[in-house]
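Report on the following structure.
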Amino acid sequence: MQLIQGYLRLLERRYKLLIALVLLITLGFAYVASGLQTNATPYFLDQSHPSRQADQFLKSHFSGSGENLMIATRTEQASIYNADSLEDLHKLTLALEQLTLTDTTDVSRLQQLVQRLPAHDRNGLEFASPLQPRQIDQIRTLQQRLQQVGVLDKADQRWLQEMQTRIHPVTKVRSLVRIESITANGDELDIHPLMFRVPADEAGRSKLAAEAQANGLLRDVMISRSPQAVNTLVELSIPQDDAPAMRRMYDATAALIEQLQLRDHYAIGGPPAIFAQTSATMEQDSNRFFPLILLVVMVVLGLLFRSPRSVFIPIGVAFLSVIWTLGSMVLLGYQQNIVSTMLPVFLIAIGVSDSVHFIAAYRHSSGSTADAGLDRQTVKAQRLGKVLNHLTVPMLLTSLTTIGGFLSLCWTPIHFIAQFGAFVALGVAYAFIITLTLLPGLYLWLPAARQAEQARPSALMQRLIGLTQQLVTRHTRALSIGVVAVLILCGLGIQRLQIDNEMIGYFSSHSRVYQDNSEFKRDFGGAATLEFVLRAPQPGYFKQSQHVAGLEQVQQQLLNHPRVGAVYALPNFMKLMNKAMHGDDPQQYHLPAASNDLYAQYLFLYENSNGNEIFNVVDSSYQLARIIVFVKTDQTSAMADIVQRITPVIHQQLPEVEIIPAGFGEVLIATRDEIIYTQITSLLLSFAVVTALLLALFRSVRYALIGVIPLVGVVAGNFALLGWSGLYLDVGTAIVAPIAIGIGVDYAIYFLNHCRQHPGSNREAVADAIRQQFAPILFNTLVLGCGFLVLTFSSHQALINLGWLVSSTMLLSALFTFLVLPLCVLFGRKPPAPQVADLPGVIPLRINGYPSELPE
Amino acid sequence: MLFSFLASPEHRLTTRYARLGSLLLTGLLSAATLQAAEAPANTSEMASLTPEKLMEAVKWRADGNSRQADITLELWQGQQLRDTRQVRYLEQDKGQSRDTLMYISEPKDVAGTSLLFQSDAEKSSDDDSIYLYLPALRKAKQLAARNKQGRFIGSEFIYADLEWLRPEDFSYQSKGKVMWHDRPVIELEATAKQDSVLEKTGYSRKVLWVDPQYQLIVATDFYDEQGRLLKRMEVEKVEQIQHIWTITQQRMDNLQSGQSTRMYVKNISYDVAVNDRLFNRQQLGKRW
């Protein structure tokens, strides 16, 4: 208290300085925040996570393991192997190979960089528009020379590195034009591109169709069972974390298809398409939602306070907290990511809370502190003194509980969630600091506003309060039965809860990415992949017939899974080789009979015959094998089920090998597992923090428990909502429960403190607490609920789910506070009230005519 | 760098240009003969040739009528030795044609595998014949000659790198004299003339460094179909054997995959007595 008094004296003397200081800090943070960079990786798990490392391992040992953009072509003609379609496919392949993601500004910048070199070092470094993929070598040379001369700063180095990706985004195009085919030509083994040139006549096209359709290796991967469709795999050199480049690639591919005026229908899919579109949608939405949430919160505040000042000040505080937080992110070396783009939305919704308390209390204090004998400034100072005396500690406590809720998200390997939790917590702390510094200063500085009319509560509000009081105090048994029924419903809902994720399912069924994905499911094995790397104890292991036969068994088991559309693995190569070695007899499409060294010699023949694609599925020492599973869905549970079913089969068939699940599917599975871990740890931590704070506040185990019980109900309700609605507990919705605890406990603190300080019986205390707390808690719920509901306007289902769930959970939190919390109080013996002096001066909100006296 | 030229730079080739010869293995036993009428007499004459003539001179360099050697191929993945191959090599020129036989003795799982390469300078390289004998099958399969992108016994050398030099496949532009490891060489830029060359080799462009004294290509940069630098071949050791400058050590680095192959040639003999019957598809698999 002495501290607050001292602060008040300082405030009275130096309020302008304080305002200036806050604004100066804000300017500083704003300047720093302007340099905020974006880490647009679509992966929630850090590169150090085992699943990501497995992916890196895969990429470093196998060809064809870059991110693959898929382009499905479907013709309306009877067969895709017609002259027009083949001509178009040929044209598209060549165009994709020459595609760059550059523009004229890149050329200018390159030319400027060349000018930094001494004249004699500029040889061979001519850049003109349009840039060509082959100029990647020139860019590398330029980078080397700039480094040698010592004129390359970090920004340019980063840009040149990025340019190497953009100038050469395509590693390899696997289309009819480029993909290798293994056939017999008389006695000759012929490994050749399936269609190096477009066949000139019908006979050539028929031969091509027959050759393609007979290729068991490519069936359902590139060659559809329908003669009307083929697939093209565009392996990208773009690092998987570089979502902006993926987006540019997706857009450039779509534009290229348009520009080339291709005659058939083209669909774009695969993980890069989904990641590119997810990242684009979330970024666009979060940018759009920022002004929208400002507007919504302003409207709600306007309805509550009916005063422009009381609208703009809380919004201003929240806005400054956003700037401070973003500036801090830069100072601490963090980048904005796919989750933290939602940070401003959260901070605006939550950050107004303290100032709403402050303004409500200040407005209420106006009548009781007016003293005709004092000048206006002194009156304002006295009113502020009372508000600060009585609000500082409760605001601190409620801020701490909110901070605790968000900080509990830090104990997760999903680093984006951890960062999000940490920075929202920091933002809440900033909002608290700004509320305590800027607000009193502004109130001292600004001319006194005309005292807002103390509105009478509306009839509806009075009726609601009355009903709640009656329900709690007179129909306790019925309410208890109702609560038990709700809890049973919650329990049943929780049983239906699915921890899952389906990236394509987050898009509207009308979106291009969703519809394109359906085509891959219909015509091919699917656009999602799950991969297994099998590490054998010694080199040459996968040249041995029994081990290839083991792989074949695994492959067959995989194909029996209802969600598996195709499998691409070593046995298919061996079978195709065997067929070619027997004059392309379709009956010979099976593994050759086991004999000493036969498989090794087949493979030797393959390598010497211009075979390269086999290194997509084995490493060059034949110690590692890779099984690529094309899955009809990217639903994590389906991926996990495949892993679960196939692991014992691999162990049985190839007991010596180590299984390393990898690729897109494994990252999805690992993310799901981490969500479970995150949910458990963050919930435990949230409850621990909240319980500790309640214990510190009330110094009563019973009251602490009473405070926590409704929160348990809220969390159960949150999970039940997910269960009953069929929504998944995923990366987005997993953050709701701990947040609900952090925010929901604020209601409990206000309510329980009122009960505890009430001199009457439990029943009287509860009735009075409802009378006093109903409106402020409801209004707080409205601010948060309406604020987060903005997210439901997103075009991305993950954000819609998040918005809907947070809003519902806020409402649930209010309901549990009004209905369950009073029951808990009523069922217990009221403990002796602590000395008022011992308790922090927690006061309720007073808005629109629900006053309780501020202690003088 | 491991370049060590054992022979004296002042040394002049004593072998005159014979009627035949060339490179089956460009950098392997690089020696050939030049048509006498076209043969430049010395280094300065070589240097003054047009790029096409220079390549012809390299192709027709003198190397006797037959040659035999043991080859070791080391396959490296970055800094790690992944595998080793042992090959016995025998080659004979007959008129305008050349037959090459290779017998693989290591690794064990492909031991006994043999390769027969038949080429005719007057015919298109598409008409070359390549047979691969597989002991497990006990038969020889023919490999398609129009596409020579296959990896020569799993190395970074492809068949197109090792075929008899085909200067007519590329158009050349001289970049002038440059120094290469303290030796004057001529830099040539070669661009594929036709799609069929791309299909056969996978190379859209090459940059070659020709040593006029050795009449050897001492280094080559290979560019892929998209024009990106793909591989680099560098000669590491040249020795004079039976008065013929012979590359005994070279490497091929795949700059895109990080894999490389080092080739060591030992026990080299020129103008050896050869049994013609060996160069027959039916005889493949028999060790000589």
Side-chain angles (χ1 to χ4, degrees), chain A residues 60-61 63 94 97-99 132-138 140-141 167-168 170-173 178 180 183-193 196-197 237 539-540 543-545 580-581 592 595-612 615 619-623, chain B residues 75-78 80 82-83 85 104 107-113 115 129-155 158-160 195-196 198-200 202 204-205 221 223-230 255-259 281:
Chain A
S60 61
H61 285 84
S63 61
L94 300 189
E97 286 174 347
Q98 290 306 314
L99 188 71
Q132 303 287 327
R134 63 185 162 78
Q135 288 180 285
I136 187 173
D137 296 326
Q138 283 182 49
R140 285 184 183 138
T141 307
I167 201 167
H168 174 234
V170 175
T171 302
K172 188 164 186 178
V173 180
R178 296 288 184 235
E180 73 182 30
T183 57
N185 182 8
D187 194 34
E188 187 181 279
L189 179 75
D190 191 4
I191 299 182
H192 56 275
F196 188 76
R197 289 183 199 84
S237 61
K543 283 181 183 175
Q544 292 169 22
S545 56
M581 295 291 279
S595 77
N596 281 345
D597 299 331
L598 177 68
Y599 281 55
Q601 289 174 29
Y602 262 29
L603 294 166
F604 182 77
L605 174 63
Y606 171 86
E607 272 190 61
N608 279 266
S609 308
N610 187 30
N612 284 304
F615 296 108
D619 75 330
S620 48
S621 67
Y622 293 87
Q623 188 172 3
Chain B
L75 313 186
W76 291 74
Q77 174 73 52
Q80 192 181 356
R82 181 166 56 81
D83 218 339
R85 309 262 194 256
I104 297 154
K108 282 181 182 166
D109 56 10
V110 291
T113 305
L115 265 163
S129 296
I130 311 170
Y131 298 101
L132 183 66
Y133 173 81
L134 299 175
L137 280 178
R138 291 182 187 165
K139 66 178 175 183
K141 293 296 291 184
Q142 189 168 5
L143 307 186
R146 73 166 187 278
N147 181 335
K148 290 178 179 158
Q149 295 185 46
R151 297 169 65 179
F152 171 64
I153 54 175
S155 72
I158 62 170
Y159 283 92
D195 265 6
S196 57
L198 260 182
E199 187 181 4
K200 180 178 81 172
S204 60
R205 196 165 73 96
D221 279 354
Y223 292 82
D224 67 12
E225 288 176 49
Q226 293 181 53
R228 295 165 303 165
L229 183 56
L230 173 66
L255 302 172
Q256 290 182 8
S257 69
Q259 297 186 355
R281 181 179 177 178

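The model shown is predicted, which means the values in this text are computed figures rather than measured ones. So you know, we letter chains A, B, ... as the sequences are listed, proteins then strands, and number each from 1.
- Residue B:L132 touches chain A through its side chain alone, counting heavy-atom pairs closer than 4.5 Å.
- Only the side chain of A:R197 comes within contact range of chain B, with heavy atoms under 4.5 Å apart.
- Listed by chain and residue number, B:D83 satisfy the salt bridge (charged side-chain N to carboxylate O under 4.0 Å, His left out) test with B:R85 (two or more places apart in sequence, or in another chain).
- Annotation: side chain to side chain donor-acceptor pair (under 3.5 Å) contacts of B:R228 (sequence neighbours excluded): A:H168, B:D224.
- Between chain B and the residues A:R140, A:Q98, A:E97, the largest count of heavy-atom pairs under 4.5 Å involves A:E97.
- Neither the backbone nor the side chain of A:S63 comes within contact range of chain B; no heavy atoms are under 4.5 Å apart.
- Two residues are said to be in side-chain contact when any heavy atoms from C-beta on lie closer than 4.5 Å; B:T113 and A:F604 meet this criterion.
- Between B:Q226 and A:V170, the shortest heavy-atom contact is OE1-O, 4.1 Å.
- For B:R82, the part lying under 4.5 angstrom from a heavy atom of chain A is the side chain only.
- When heavy atoms are compared at a cutoff of 4.5 Å, B:Y131 does not approach chain A at all.
- With a threshold of 4.5 angstrom between heavy atoms, B:S129 does not approach chain A through any atom at all.
- Listed for the A:E180 side chain is a donor-acceptor partner under 3.5 Å among the backbone atoms of A:N612.
- Considering CD of B:Q256 and OG1 of A:T171, their distance stands at 8.5 Å, rounded to 0.5 Å.
- Screening B:L134, B:V110, B:L137 for a side-chain contact (heavy atoms from CB on, under 4.5 Å) involving A:L605 leaves a single residue, B:L134.
- The choice from A:S620, A:P193, A:S609 that makes the most heavy-atom pairs within less than 4.5 Å of chain B is A:S620.
- Across A:L189, A:L603, A:N608, the residue that shares the most heavy-atom pairs under 4.5 angstrom with chain B is A:N608.
- When heavy atoms are compared at a cutoff of 4.5 Å, B:K108 approaches chain A solely by way of its backbone atoms N, CA, C and O.
- A donor-acceptor pair under 3.5 Å links the side-chain atoms of A:Q135 to the main chain of A:Q132, judged by distance alone.
- Only the side chain of B:Q77 comes within less than 4.5 Å of a heavy atom of chain A; its backbone N, CA, C and O stay farther away.
- To the nearest 0.5 Å, atom CG of residue A:L94 and atom CD of residue B:E225 are 9.5 Å apart.
- No part of B:I130 comes within reach of chain A, as not one of its non-hydrogen atoms sits under 4.5 angstrom from that chain.
- Contact of A:I136 with chain B is made through the side chain alone, with heavy-atom distances under 4.5 Å.
- The backbone N or O of A:Y622 lies less than 3.5 Å from a partner atom in the side chain of A:D619, making a donor-acceptor pair.
- No part of B:P107 comes within reach of chain A, as not one of its non-hydrogen atoms sits under 4.5 angstrom from that chain.
- Per-residue counts of heavy-atom pairs under 4.5 Å with chain A were compared for B:I158, B:D195, B:L198; the largest is that of B:D195.
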